[in-house]
Colleague: 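Submitted below is the structure of interest, expressed as structure tokens.
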Amino acid sequence: MVMKSEKARGTIVAAHGNLMTIRFEGVVRQNEVVYVKSAGLSLKGEVIEINGNEAKVQVFEPTKGVRYGDEVEFDSDLLTVELGPGLLKRVFDGLQNPLEDIAEQSGYFLPRGVYLDPLPRDAKWKWTPIAKVGDKVERAHFLGWVPEENIEHKIMVPFNFFGKGVVKKIADEGDYTIDDEIAQIEDEKGNVVPVKMIQRWPAKFALRFGERILPKEQLVTSMRVIDGPFPVAKGGTFCTPGPFGAGKTVLQHQVSKYAETQVVIVVACGERAGEVVEILREFPHLDDPQTGGKLIDRTCIICNTSSMPVAARESSVYMGVTIAEYYRQMGVDCLLLADSTSRWAQALREMSGRLEEIPGEEAFPAYLATRISELYERAGVLRLYDNKEGSLTIGGAVSPAGGNFEEPVTLSTLAVVGCFLGLSRQRSDARRYPAIDPLISWSKYIDRFAEYGSDEMKERVRRITVAQNMIFKSDEIGKKMSVVGEEGIAIEDLIVYLKGEFYDAVYLQQNAFDPVDTATDMERQSEQLDLVSKVLEKDFEFKDKEEARKYFLTLTDKVIQLNYLSKDVSIYDQKKDEILNMIEGA
Ligand code: ADP
Ligand code: MG
């Protein structure tokens with residue numbers, strides 16, 4: 001085992017963009033952190049290949065001016081994430097530098113070679129002990145907790161603590177900083193380990209202590225098209241591929257605001273240059289519809305500024321997942337949203353290219369599929385040692401060039417996720433938002449919910465299945481009509497077509513910018529589905545096609561108006577009754 005004191009040293013012998021070849025003496029480990037000492041700066045990087053006494057290192061920062069012979073220090077530590085109270089409400093870059101602190105000093109762009117403390121050192125946290133002196137503990141057991149926004153932030157036995165331990169000392173209730181000692185634990189060999197509220201974990205390793213269990217509870221997102229036909233499980237995975245401008249980012253924002261989860265981690269690898277700055281400016285001001293406070297209070301954002309090279313983009317995704325896993329370990333429901341994973345995959349491609357690895361499809365490295373599956377694998381429901389559960393749901397946007405899903409990143413993602421929400425250009429062009437295409441999307445969770453769920457859930461799934469069948473038939477008839485015209489089809493077929501369009505317009509589509517329709521709770525969704533089902537399951541008799549069209553036009557309009565009405569206003573019931581009468585009487 002390498003001791004901390006035996007840090008290897010080396011010098012640069014070749015540079016290729018951000019990829020450095022370093023000749024070293026000592027012991028070097030894969031993924032070890034290094035600091036390149038160049039022109040008075042100290043630039044952080046990571047070992048990605050070792051060959052004899054030469055290592056390839058990717059540097060996380062611009063490497064302009066780096067020279068042959070520059071010195072390199074190996075840290076003997078893997079790329080780690082700092083974990084502890086104070087992660088929420090923060091915005092970090094891909095190396096966990098707190099961007100807001102930087103913004104105050106230098107307008108979002110950190111000078112090279114400067115690294116700031118991720119967590120505030122001077123903040124005092126109100127500590128309440130859980131464990132007592134003499135308790136037998138293992139890693140990830142709770143020692144105490146501090147309030148952090150809306151959650152009980154558990155302080156745990158360090159994750160790198162091996163074997164069984166005994167609590168020797170535990171701090172009294174009171175205010176402490178993350179650097180204060182709050183406990184001492186004796187390990188099996190009799191060593192006494194001091195514990196602080198802060199600890200570290202290597203970003204590329206799954207942080208998971210407990211028993212993995214099957215995700216079978218629904219994560220309600222408040223978006224009908226997801227919660228209805230394509231539901232997501234708490235602890236499950238989903239992806240939202242779509243062409244540029246189809247609404248992936250708006251969708252992720254909606255989900256981050258309204259999904260029923262306690263903690264949201266947003267990893268933003270911006271598509272457009274200004275997007276990240278927009279997030280930084282806007283996000284802190286968004287209201288949280290669930291708590292009445294600010295959304296940022298239960299959110300941690302990791303973003304890549306455009307000035308950072310691709311290597312930091314790669315690490316930001318792992319950093320986000322690790323932070324989410326940390327909260328799951330406390331028994332919290334977490335949601336990680338990554339926008340877009342294609343940018344992350346491109347970072348892998350660029351680095352692989354520099355390493356001159358044998359390229360796979362579309363020049364992505366051959367291990368792309370493995371990396372993608374390893375990432376989504378980190379989602380899941382965990383039963384902790386105290387029998388409570390925590391969950392981590394992962395949702396990734398994918399932005400394939402030209403919206404063509406037959407490309408490696410989309411295909412590899414589809415192979416591993418439990419739910420596919422495919423956005424289509426056709427729907428966004430027709431302004432059918434959210435542009436999740438009901439003809440191509442799927443969820444593997446829906447059958448599971450029907451199997452394990454309540455009778456009410458079973459009935460929901462039955463109704464949704466009827467509606468989904470209708471939309472497929474409706475689409476076929478619509479295509480036929482575009483060839484032969486309305487005269488060419490029977491009135492029965494026209495009615496099926498109109499029913500499908502009705503379901504689409506009043507249920508699948510949802511107006512993100514209407515204050516009421518923007519999010520629909522499960523109770524109201526059930527009510528809306530009830531109404532839709534009444535229409536879909538009714539045998540209408542119209543005198544002619546014209547009458548059928550007019551009827552559905554009016555009905556659709558009325559139901560959309562109802563969707564925009566708050567249930568608290570007095571005319572709501574009256575409007576709803578009008579609609580029900582219109583359906584009964586037809
Ligand atoms: P992408 O991330 O897929 O490139 P965006 O999420 O940035 O696309 O969306 C592009 C534009 O489409 C938005 O600025 C907005 O005008 C429109 N849009 C997207 N989703 C919706 C929605 N649900 N309702 C209304 N407009 C939307
Ligand atoms: Mg986007």
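If you're wondering where the values come from, they're calculated on a predicted model, not measured in any experiment. In listed order, ligands and their atoms are each counted from 1. Basis for what follows: all heavy atoms, side chains included, without hydrogens, waters or symmetry-related copies.
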Colleague: Just which atoms of ligand 1 are under 4.0 Å from any heavy atom in A512?
Modeller: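 Here the atoms of ligand 1 in question are 22 (C), 23 (N), 24 (N).
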
Colleague: Got a sec, which pairs hit side-chain hydrogen bond (donor to acceptor under 3.5 Å, both in side chains) with one end in residues 232-245, sequence neighbours left out?
Modeller: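 Qualifying pairs, neighbours excluded: E217-K234.
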
Colleague: Pairs of nitrogen or oxygen atoms closer than 3.5 Å, one from P434 and one from ligand 1: do any exist?
Modeller: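 Such a contact does not occur with ligand 1.
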
Colleague: Please check whether N511 reaches ligand 1 - meaning an N/O of the residue sits under 3.5 Å from an N/O of the ligand, judged on distance alone.
Modeller: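 No, there is no polar N/O contact under 3.5 Å.
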
Colleague: Of the choices A397, S428, G247, which has the non-hydrogen atom that lies closest to atom 9 (O) of ligand 1?
Modeller: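 Among A397, S428, G247, the closest heavy atom to atom 9 (O) of ligand 1 belongs to G247.
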
Colleague: Return yes when atom NZ of K550 has more than 12 non-hydrogen atoms of other residues, nucleotides or ligands closer than 6.0 Å, and no otherwise.
Modeller: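 Not more than 12 within 6.0 Å, no.
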
Colleague: May I ask you to check whether V250 has an N/O atom sitting below 3.5 Å from an N/O atom of ligand 1?
Modeller: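 V250 vs ligand 1: N/O contact under 3.5 Å present.
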
Colleague: Measure the CG-CZ distance between L498 and F502 for me, rounded to the nearest 0.5 Å.
Modeller: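 If we round to the nearest 0.5 Å, L498:CG and F502:CZ are 11.0 Å apart.
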
Colleague: Between ligand 1 and K248, is the shortest N or O to N or O distance under 3.5 Å?
Modeller: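 N/O-N/O distance under 3.5 Å: yes.
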
Colleague: Can you list the atoms of ligand 1 that are under 4.0 Å from a heavy atom of F244?
Modeller: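 Selected atoms, number and element: 4 (O).
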
Colleague: Find all atoms of ligand 1 within a distance of less than 4.0 Å from any non-hydrogen atom belonging to P243, and give their numbers and elements.
Modeller: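 Those atoms are 3 (O).
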
Colleague: Less than 4.0 Å is my threshold; does some heavy atom of G242 fall inside it relative to ligand 1?
Modeller: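 Contact check G242 vs ligand 1: negative.
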
Colleague: Considering the options K204, R343, R349, which one meets the salt bridge (Lys or Arg N to Asp or Glu O under 4.0 Å) requirement together with E314?
Modeller: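 Single pass found, and it is K204.
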
Colleague: Which pairs count as salt bridge (Lys or Arg N to Asp or Glu O under 4.0 Å) when at least one residue sits in residues 504-516, sequence neighbours excluded?
Modeller: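 Passing the test, one end in residues 504-516: R427-D504, R432-D504.
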
Colleague: Which word best sums up how the rings of F405 and F420 line up, parallel for under 30°, tilted for 30 to 60°, or perpendicular for over 60°?
Modeller: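 Aromatic pair F405/F420 classed perpendicular.
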
